Structures are given as C-alpha cells and as structure tokens.
Amino acid sequence: MASPGNPLTEALSKTYDPKDVEQKWYQIWEENGYFKPEINPDGPPFAIVIPPPNVTGSLHMGHALDETVQDIIIRYHRMRGDKALWLPGTDHAGIATQNVVEKELKKTGLSKEKLGREKFVERIWQWKEEYGGQILRQLRRLGASCDWSRERFTMDAGLSKAVTREFVTLYKEGLVYRGKRLVNWCPRCKTAISDIEVDFETKKGQLWYLKYPLEKSQISREAGHGIDYIIVATTRPETMLGDTAVAVNPDDERYRHLIGKMLVLPLVGRKIPIIKDELVDPTFGTGAVKVTPAHDPNDFEMGEKHNLPRINILSETGAIVLDEFTPEEAANLKKYAGLDRFKARKAIVEDLEAAGLIEKIEDYENSVGSCYRCHTVIEPYLSDQWYVAVKKLAEPAIRAVEEGKIQFIPDRWTKVYINWMTNLKDWCISRQLWWGHKIPVWYCKCSEIIVSETPPTTCPKCGGTSLVQDPDVFDTWFSSCLWPFSTLGWPDAMEGGVGGRGRPRSGSDLATYYPTSVLVTGYDIITFWVSRMIMMGLHFMQDVPFKKVFVHGLVRDAQGKKMSKSTGNVVDPLILIGDVGADALRLALSALISGQGQDIKLADEKIKECRNFCNKIWNASRYVMMNLPEGAQVEGSPSPAQNAKLQATDLKPRNLADKWILSRYHRTVKAVTELLDNYDFGEAARRLYEFVWGDYCDWYLELSKSALTGNDAKTKQTTQAILAQVLLGTLKLLHPFMPFITEEIYQKFNAGEGVCGPERATSPNAVSRHNIIVLAAWPAAEEKLIDEQAEKHMEIL
RNA sequence: GGGCGCAUAACUCAGCGGUAGAGUACUUGCUUGACAGGCAAGGAGCCGCAGGUUCGAACCCUGCUGCGCCCACCA
C-alpha cells in the first residue's frame, strides 16, 4: 500500500474534476499541432470534412452528437497512424444569418432597407467577425480535434471563386437556366425558397363555396336547366381576383354542357371561360375548380396547357396589387389594394357574402406550407429565378450509390436516397437576399445576358457599357454542395481541363484527401446537402465526394420530443460540459447511438451514469498509481526507464485472475477495434464501459488487493504490471470517446507523454498506440476455457 | 396516397434463431484502505397483438394495432 504522504495519491484528487484538465489539454494538443495530419506523414490519408455549421449558430445537442462521432472516427484513425484530416469551417447560411442580423438591427431601430445593401452586408461581415467564431470555440470545448489551420468559410475568396466557377460551367453546359415560374415565396423574407425549404403542416381552415355567375347572355339560354351560376370550392378565396378560368373534369355529366361557356368573375367583372381538364377531381367540392395560374402550382400547370392569362395579384410582401388588372377591373378593386393577403381574404369574403355569392362555408383541414426559417405561410409566386436542371446530374449520383461507390450506414438510407433522387425536380438556386454569393450574371439594355466569372465591361452583342448585375444571391446549398472539394483547394488546385476539370495537382490537399473517407450527418439534411454534394462532386471532380455516409439519428429530449426553443426543452451541451465535463457528455451520446441510427433520447440519468464512469476510471487509476513500485510513485513518473522496467516485467499470467483479465482485455481490444471499423460507435462505447467497470474494476482490481498485500514478490510485481498495462491500454481504447480524462491519466503514468502526441514506440503488431500490450495470440479454445475456469474460480472467491 | 422506422423490467435502451440483459429507480445489507458519484445481494418482464416457418422464435415470414418520421400538385 502507498505510504502516507505519497505524492501520487495526492496527484489525483478523490473525485475527477474535468474543468482544469479539459482546458489544459486542448491547448497543449492544439499548440503542438497534434491535430494536423502531418503528424503521421507516412500514413494513408483519411479525411472528414465537417458539415459546416451556420456562422450564426451556437452549439446545440445535434452538433454535439455529430461532432463527437466525427471526433471518435478521426482520433481513432490518427491513433492508427493514418494521415488523418478533419477539416473544420462554417457556412454563411444566407437566409438564417441575414435574419439574425436584421433582428439585431431592429433592436436599434434600424432596418436593412434604411441602411442600404452595401452597408447592410458590411454589417453582417462585422457581425460575423465578432460572433461568428463562437461555435468553433464551442467545438474546442467538446474536444473536437479539427485541423484549425485549414479552417474554411463558404464565403472565403477561394470558396467564392469555386461557386462562380460552378455556376458559369453549369450555364455553359446548359445545366443552369433562367425561368419565370411559380416559386415558393416567403413574403416576410421576401425571397424565393426551394421546394425542400418549405415545411408543411396540417392546419384548420375553411373551404369556401363561391358562386360564379354565367355570363348574362347565356343565362337565358340555360334558363331551362335552372342554372345561372357555377359553384367552386376554394381554401383561398382571395385569389379569386386572379382567376382566369373555371375547370371541370371532361367526364363530369353535371358540367359537360357548360364547357366553353363564359362566367363573370364576381367583384372583378372579368369574363372567364369554363374549361375541361383531367386534373380536376369530380368528387372534390363541387367538381368545379377556380383556376388561378399565378397563385397555385396546379393552376399554373393548367394555365400553361390551356394558354390562360396569368394575373399576379400580390406584391412581394403578400399584399394586393392591381398592376396587372385592366383599368376597369382595377377601378372595381381599388378598396383591396395594399391589403395584406389575409386581410384581403376577409374583406373579399365579406363582400361576396353581401352579394349573396357564398353558398356555404365548411370547416376544412389541409396542409399549408410555411418558410422553414421564419414560419411565415409561403405564397406560390410568379417570378424570374435561376434553376439547375437536375436530371443529368442526378443520374450518375444515383448510379454511384447503386454501384456501391458510396455506402450509406445504416443501409436503409440508400433506399431513401435513391427514391428521392429519382423524383428530383429542378432546383431553384436564386435567392432575393443580400447576404451570399452574388450571381455572376449581367444584363444589358439590349436584353443580352452575360454570364461570366469576371465582371464584364462591355456587352459583347451591342457594345453597351451600362451593365447591371443580377441583384440576387445563390441558395446557401449551392455553395455548400462543393464543400468536400472547394475546401481542399478546388478549382485552383486543378491542372488542365475545362471548368475546373482535369486533375488535382499532385501534392495538393485536393489530390491527397479527395475523395474524403466518410461524411457524418443527421438524416435531416440528406436531401438538402448530401445528395447535392454527390451530384456536384461527380460532375466537377469525376469522383464521389466521400466513400461512406454515416447517418445518425437526431437528439431528442428525455420524452423523445424534438428539442426546440419554443417548447423550452432544449438541453444546452455547453452547460452540461460545464457540469459534468465534455468526456461524460461525449460518452453519453456515443453510448446512446444504436446500430439502426435511431433518434437519441437524452435523459439526465445517462449523463449522470457517464459522469460516474469518469469518476470510476479516475479512481481506478488512482488505486493503480498508489500501488506501483516505490520508485514510480512520483508525479510524472514512472520515468521512461522505470516504465521500460514495468513493461519488461513478466506479463505472463501467474494465476487465473491474471489470465482472465488479460483474456478479457484482449477480447475487448479486438471487439472495440472491429466495432470502430464498422462504425458501430454505440456498441463500442458500451463494451468499453462494461469492461472497465464490470471486469477490470469489479473483479481484477478487487482480486489484486490480496496479491498486492501478499508475500510473493513475483506475484506482486506481475499484478502491478498487469494492472498498469491493462489500464493504460484501455485508456487508449477509450481515448477517442473521452479524450480529456484519458490523456490526463495516461500522461501521469507515462512521463508526461500523452495519448495524443506523435507516436514514439512502435510495436510489431501495428495496432500501435491503439493497443499497448502485445499479447501473443491465444488460441480461441484455450481462451474460452480460461474464461470459464476463471469465472468459476471467482465465484468461489 | 406512397415509403421508412420503432414497440423487450417502473424509466432509458441493448440483444436479433437455442434456458430473457445493462444502466437508472426500488428493497436489504455492507463500506475508516481506489471510488457513497462506491460494493454485494434481491424483487422485478404473456420481449405490442394474431397467425405461420422451425426440433426450437423476442429474434425469420404474413397480417393487425399503437406511436414517430419522410415524401406527394388534398383546389
């Protein structure tokens, strides 16, 4: 037993306190360049690019999980001797960032309009410099071992150049085009958003049945039928101002005789035809549907087919405008001008009611789309936008996954991906925002469109010099889909070829690390991001952007509810780190990962369990230290020489307990290594937990007490050696999961040499730092026998 | 309307063809010598329901029920 006043017993306090340890180690690691792949210059390259968090973001539990997984992978590979790169960075997140800074401005009574575009963008840059690094600092607290010297931002010069190159190339290839179509418009953000940026929610509303009178001259002719109007059902009565037809199903007996007749649109006075179209479901409502080509996707399609006029009735903020009405119509509608769409709805319904033109109003539930950023109800809105023609890009992207060049883990996401990719619609990439990459397109008065990587000075067609750049910016995902190669130096790192094609210059990061090894992400952005990276990677690099996609679940609260500010169930990872330390949080998250990629319910109990585990291994180490040979009992020792002596000590088991723990340990090393190779982080974490607590502490450490206090010097020495070496080896296995505490303890045993640094000792068995003890291979049968014997033996004890 | 996932002890979850597991919680002891953030022992379960395959099913197949999610042009 340790003598009183032993410096080692004092070196470790009774309970583990993560605070100082974590701060200290991260700094040492970073300062010594341990996170740079170059510390393993000869290893095979292994690369992960971080899913770039929004610059405005702050670390939430979802990030914590995502980054923990990546850090486990990258630390594991680094320990295996790979030239392991984890490239960090942030996304400019156009709409999200703009919204945040707008809100800030509002507090000071300013608005972006008052500031003007240039000043506003300047303001965002300022804001970014000041607060943008927050999430990256928080990543460090988690222990994320990113190579910060390679940090990127989507609006860095190089990455901006990449986006321009991307667009111009796609344009020249005919894969990008401009079109006037209905887009999902957010009247609050005043921009188009893509289909997948719309959240649908079923909402309670009404279905209004409106009477549209037949034209007078026809009423008399129809008098015999007793019909002088058609009833249409709609959830959006205010759009009736823009109706340019009423459609019925061609087979609908009720209306067949009316097809081709004209109606008079109430309130407006416009004459509109009754048309036939198979799209109309005769069983819905009255079987007659009002057609508003400028404000409904279905109606737009019908309008195209039947050549109907498209009358836009709304401004970009969603208020009624009368620009596209005839003067007579406009005169009728003056009272609605400037009314917000929902106020207009009320007013129009009232007026129709007063005119006796409402047959009935029913309660009705339907799904309403809203902006994923601000939850404003989106408006199908007619406008000029840029699109990516996605079909030609999607085909190779599907093939790559089908052929196994990219593997989804777990596999079920393959199906989801392929299903999604085969039904892709063209991607609207222009946004009416101020923050983002400006579209490299200029318009000349002569109506020439110039698409160019560098700003043109004159129009190539008419020689005019007053060129105006497209005011819009790109969808954020249009830049982040280049991330796996733009961050590594594309396009400048390419030699030869057109449009950034060719091949990466040898020796460049791009040549070394592309394709990256694995992408780690939640399933929520497979559609937004993963699919697009695959398309663009294949298109511009002629190779997949990553070989594997590890898809994990989302972190939910203890009840399984989504964490959200409005529900108030958000658990802040930084508060937890402050409470229990980063290691406990990391272990909790990783131990909760299931092989099926289920969502994770994060309960306090689990955090507590893992905090206790930290303490457990801390105290086990304390015990082992106190029982090392006398000479070793100094802070920072055993010295290398002493250490060598310990290792040289005969590790050959002297009794059943020795055999048993070595066998257990050996199996754990093997199992955990395999589990990590197979991306089963949850099982790996659980296995380690059980080994440390259940085998090492509960059994071997308890049994060692008699050996250490006994008279047999040899037994004592062997026990000491096994205690120490199994512990040190286990610390290495645990290190990817819990980097801080393992480094701290390890360093105390190992003359200041941590787990993280460059490898010193090489072992013939190449598992290198990952597995310190090189055990002779034990025949499986013998191992099993020993296990059984040992278990029986211990039952007797 | 199409697709996916989940249902195992009070709670959170492992197990995925061979006698039901862990942690937490609970009960009863123990503990001045690594750790009370500890140790030992214990109670706990028609493994969602109904069929089928099999010598044998929590595990494989079919159907059903209940929750959750994704996709789709429900006026």
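Each chain gets a letter, A, B and so on, in the order its sequence line appears, and its residues count up from 1. These numbers come from a predicted model, not from an experiment.
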K.L.:
Could you tell me the Watson-Crick or G-U partner of G38(B), where both distances fall under 3.5 Å? Say none if there is no partner.
P.N.:
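Result: C30(B).
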K.L.:
Do Tyr696(A) and Tyr665(A) have their ring centres less than 6.0 Å from each other?
P.N.:
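When the ring centroids of Tyr696(A) and Tyr665(A) are compared, they turn out to be at least 6.0 Å apart.
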K.L.:
Pick the C1' atom in A9(B) and in C46(B), then give their distance to the nearest Å.
P.N.:
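Result for the C1' pair: 14 Å, nearest Å.
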K.L.:
Which base, if any, makes a Watson-Crick or G-U wobble pair with U53(B), both distances under 3.5 Å?
P.N.:
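Pairing partner, where one exists within any strand: none, as none qualifies.
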K.L.:
Considering Watson-Crick and G-U wobble pairs with both distances under 3.5 Å, what does A25(B) pair with?
P.N.:
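Across any shown strand, A25(B) pairs with none.
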K.L.:
Quantified in whole Å, what is the C1' atom distance between nucleotide G52(B) and nucleotide G2(B)?
P.N.:
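Here G52(B) and G2(B) have their C1' atoms 28 Å from each other.
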K.L.:
Among G37(B), G38(B), A25(B), which nucleotide sits nearest the side chain of Lys616(A)?
P.N.:
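Looking only at side-chain atoms, Lys616(A) lies closest to G38(B).
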K.L.:
Roughly how far apart, to the nearest Å, are C59(B) and G18(B) at atom C1'?
P.N.:
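Approximately 11 Å lies between the C1' atom of C59(B) and that of G18(B).
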K.L.:
For C4(B), take OP1 and OP2 only and decide whether either is under 4.0 Å from a side-chain N or O of Lys415(A).
P.N.:
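True: Lys415(A) side-chain N/O within range (under 4.0 Å) of C4(B) OP1/OP2.
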K.L.:
OP1 or OP2 of C4(B) versus the side-chain N and O atoms of Asn419(A): is any pair under 4.0 Å?
P.N.:
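No.
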K.L.:
Test side chain to side chain donor-acceptor pair (under 3.5 Å) on Lys716(A) and Thr709(A); report intermediate values, then the result.
P.N.:
CA-CA 8 Å; Lys716(A) 187 173 171 181; Thr709(A) 50; over 6 Å; no
K.L.:
Between C35(B), U12(B), A34(B), which nucleotide has the shortest distance from any of its atoms to the side chain of Asn615(A)?
P.N.:
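Nearest to the side chain of Asn615(A) among the choices is C35(B).
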K.L.:
Given A75(B), C35(B), G23(B), which nucleotide is nearest the side-chain atoms of Glu702(A)?
P.N.:
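The answer is C35(B), which lies nearest to the side chain.
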K.L.:
Please pick, from A34(B), C73(B), A75(B), the nucleotide with the shortest atom-to-atom distance to any side-chain atom of Lys425(A).
P.N.:
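From the listed options, C73(B) comes nearest.
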K.L.:
Is there a Watson-Crick or G-U wobble partner for C59(B) with both distances under 3.5 Å, and which nucleotide is it?
P.N.:
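Result: none.
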K.L.:
Looking only at atom P, what distance separates G29(B) and G5(B), rounded to whole Å?
P.N.:
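The same atom, P, in both gives a distance of 49 Å.
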K.L.:
Look at Lys705(A) and A34(B) and indicate whether a side-chain polar atom (N or O) is within less than 4.0 Å of OP1 or OP2.
P.N.:
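So the side-chain polar atoms of Lys705(A) do come within 4.0 Å of the phosphate oxygens OP1 or OP2 of A34(B), strictly under.
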K.L.:
Using a cut-off of less than 4.0 Å, is there contact between a side-chain N or O of Lys601(A) and OP1 or OP2 of C13(B)?
P.N.:
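Result: yes.
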K.L.:
Separation of Arg412(A) atom CZ from G5(B) atom C1', in whole Å?
P.N.:
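Atom CZ in Arg412(A) sits about 5 Å away from atom C1' in G5(B).
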K.L.:
Does Arg611(A) reach a base, just sugar-phosphate, or nothing at all? Heavy atoms under 4.0 Å.
P.N.:
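The residue Arg611(A) makes base contact.
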K.L.:
Output yes when at least one side-chain N/O atom of Tyr364(A) is less than 4.0 Å from OP1 or OP2 of A75(B), else no.
P.N.:
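Indeed, a polar side-chain atom of Tyr364(A) lies that close.
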K.L.:
Just to be sure I understand the rule, does Leu701(A) reach a base, reach only the sugar-phosphate, or reach nothing, if contact means heavy atoms closer than 4.0 Å?
P.N.:
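The residue Leu701(A) makes base contact.
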K.L.:
Side chain of Lys14(A) only, please: which of C35(B), C73(B), C4(B) is the nearest?
P.N.:
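The answer is C35(B).
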K.L.:
Among G38(B), A14(B), A75(B), which is the nearest nucleotide to the side chain of Asn612(A)?
P.N.:
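Of G38(B), A14(B), A75(B), G38(B) is nearest to the side chain of Asn612(A).
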K.L.:
From C4(B), A75(B), C74(B), pick the nucleotide closest to the side chain of Val280(A)?
P.N.:
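Output: A75(B).
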K.L.:
I'd like the P distance from C49(B) over to A7(B), given in whole Å.
P.N.:
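It works out to 13 Å between them.
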K.L.:
Rounding to an integer number of angstrom, what distance separates C13(B) and U8(B) when you compare their C1' atoms?
P.N.:
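Rounded to whole Å, the distance is 9 Å.
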K.L.:
With rounding to whole Å, what would you report as the distance between U24(B) and A44(B) at their C1' atoms?
P.N.:
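U24(B) and A44(B) have their C1' atoms separated by 14 Å.
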K.L.:
Nearest whole Å is fine: how far is C11(B) C1' from Glu609(A) CD?
P.N.:
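One finds 13 Å between C1' of C11(B) and CD of Glu609(A), rounded.
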K.L.:
Starting the side chain at C-beta, find the nucleotide from A34(B), C4(B), A25(B) nearest to Asn619(A).
P.N.:
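Looking only at heavy atoms from C-beta outward on Asn619(A), the closest nucleotide is A34(B).
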K.L.:
Think Trp693(A) has a side-chain N or O under 4.0 angstrom from the OP1 or OP2 of C39(B)?
P.N.:
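Checking C39(B) against Trp693(A), a side-chain N or O does come within under 4.0 Å of OP1 or OP2.
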K.L.:
Looking at C39(B), G37(B), A75(B), which one has an atom nearest to any side-chain atom of Asp698(A)?
P.N.:
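Nearest to the side chain of Asp698(A) among the choices is C39(B).
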